[in-house]
Amino acid sequence: MPSLPVPVVLVHGWKSHPGIWNRLTPQLNKTDIPAWIFDYTSLDGASMEEIAGALGAFIATRREEEDYTGSIDVVCHSIGSCVARYLFEVTDGRTRNERVRQLIAIGPPNNGSSLAELFCDPVIGPAITGRLCGTFIPRNFDPAADVIVQACRPGSATMAALRMKGIRPDIRYRILCAENITHNPSFFPCFEGKTCELQPGGRWRMTYAGDGIVPRTDSVLPGADMEILPSDPAALEKDAGQYCHLQLPRAPEVVDRIVDYLRHGLVTP
């Protein structure tokens with residue numbers, strides 16, 4: 001029987017939308033890779049657990065519609081990776097009913113979000129929020145009232161559950177991160193090209209080792225493959241902004257990496 005590509009589930013991030021995949025999906029179509037696009041924009045105010053449950057229901061529905069019982073791939077952006085990991089590692093971690101070949105995470109806050117914690121800092125928070133207002137966060141943003149921001153703080157019960165469960169040995173984890181390796185201020189102008197990084201003891205610093213929103217230390221996940229982009233520093237001189245967190249899923253180099261990962265795994269139904 002002919003081999004078929006593995007379907008890929010696309011999971012967008014916090015305060016984002018499926019349009020973030022508008023550079024990836026045409027390439028998936030060209031290579032005949034089925035894309036199942038999960039949209040949770042209507043679940044504003046829902047908990048991480050509720051969104052993860054909705055993702056599980058979405059996958060089940062698509063499997064039934066396509067009469068497909070094989071493995072799937074999952075591509076996530078930002079907090080979308082926490083949603084997917086919660087489903088596969090916490091909810092389904094023991095039974096492993098969901099067959100996942102690989103989870104590809106773009107700029108994920110695997111260890112909790114430094115920025116989420118800083119939003120809630122009574123001294124630093126207002127200044128950080130002010131800089132990002134209208135760019136990354138909506139106006140009149142209240143971190144204390146945002147369920148997902150609270151869930152992604154490093155010390156939250158949600159992040160503790162992910163740490164306790166750990167990654168699944170039957171899933172290959174791949175992480176794509178960006179860093180401002182040339183210290184170009186146009187990489188992410190809100191922070192002059194740097195990223196806020198929470199350090200042990202509650203201290204924080206600004207670092208070039210991040211994508212403007214998520215520092216590399218937030219993304220590191222033991223057992224996962226990690227690739228730092230761009231591979232050629234000259235790319236930051238041509239268009240530094242394409243590698244910032246907000247545009248990372250659209251960067252041509254990121255799209256090429258993802259398609260390459262997805263193509264290397266044909267299965268026979």
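Worth knowing before you read on, the calculation uses all heavy atoms, side chains too, and leaves out hydrogens, waters and symmetry mates. In this text, all values refer to a predicted model and were calculated from it rather than measured experimentally.
By the 4.5 Å heavy-atom criterion applied to side chains, Asn111 and Pro154 are not counted as neighbours. Using a 4.5 Å cut-off on side-chain heavy atoms (C-beta onward), Asp211 and Cys244 make no contact.
Nearest approach of Val74 to Val100, heavy atoms of both residues: CG2-CG1, 4.1 Å. Residues Arg63 and Thr69 share a closest heavy-atom pair of NH1-C, 3.3 Å. Heavy atoms only, all atoms of each residue included: Ala46 and Val147 are closest at O-CG1, 3.9 Å. Pro108 and Ser81 make their closest contact through CB-OG, 3.0 Å (heavy atoms, listed as atom of the first residue, atom of the second, distance).
Between atom CG of residue Leu176 and atom CD of residue Glu253 there is a gap of 9.0 Å, rounded to the nearest 0.5 Å. For the atom pair CZ of Arg85 and OH of Tyr173, the computed distance is 6.5 Å after rounding to the nearest 0.5 Å. Within the model, atoms CZ of Arg263 and CD1 of Ile258 stand 14.5 Å from one another, a figure rounded to the nearest 0.5 Å. Ile213 CD1 to Cys196 SG: the interatomic distance, rounded to the nearest 0.5 Å, is 8.0 Å. Here the CD1 atom belonging to Ile51 is positioned 14.5 Å from the CZ atom belonging to Phe58, to the nearest 0.5 angstrom. Separation of atoms CE (Met226) and CZ (Arg216) is listed at 7.5 Å; rounding is to 0.5 Å.
Between Asp170 and Arg101, no side-chain nitrogen of the basic residue sits less than 4.0 Å from a carboxylate oxygen of the acidic one, so the salt-bridge criterion is not met. Classification of Arg23 and Asp256 as a salt-bridged pair fails, no side-chain N sitting under 4.0 Å from a carboxylate O. Taking a cutoff of 4.0 Å between a charged side-chain nitrogen and a carboxylate oxygen, Arg168 and Glu98 do not qualify as a salt bridge.
Atom CG of Asn97 sits in a crowded spot, with more than 12 heavy atoms from other residues, nucleotides or ligands closer than 6.0 Å. Remark: Glu65 CD is packed, more than 12 non-hydrogen atoms of other residues, nucleotides or ligands lying under 6.0 Å away.
Aromatic rings of Phe119 and Phe141 (six-membered ring for Trp) have centroids within the 6.0 Å cut-off, being under it. For an aromatic pair to be called close, the ring centres must be under 6.0 Å apart, and Tyr40 with His12 satisfies this.
Phe136 meets the ring pair (Phe, Tyr, Trp, His ring centres under 6.0 Å) test with Trp14; sequence neighbours excluded.
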query = So Asp39 and Thr41, side chain to side chain donor-acceptor pair (under 3.5 Å) or not? Walk me through it.
reply = CA-CA 6 Å; Asp39 179 3; Thr41 54; 2.8 Å; yes
task = Would you sort out whether Leu221 and Ile175 count as a side chain to side chain contact (heavy atoms under 4.5 Å, CB included), showing the intermediate values?
result = CA-CA 8 Å; Leu221 186 64; Ile175 300 172; 3.8 Å; yes
request  = Test Trp21 against Arg250 for side chain to side chain contact (heavy atoms under 4.5 Å, CB included), laying out the working first.
outcome  = CA-CA 7 Å; Trp21 307 116; Arg250 295 187 172 111; over 6 Å; no
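Under the 3.5 Å distance criterion, the side-chain polar atoms of Asn110 are left unmatched by any main-chain donor or acceptor of Val220. When atom types are taken as modelled, the side chain of Thr129 and the backbone of Gly125 share a donor-acceptor pair closer than 3.5 angstrom. Panel note: side chain His245, backbone Gly210; no donor-acceptor pair is recorded below 3.5 Å.
Taking the ring centre of Tyr261 as origin, the terminal cationic atom of Arg174 falls inside the region bounded by 6.0 Å and 45° from the ring axis.
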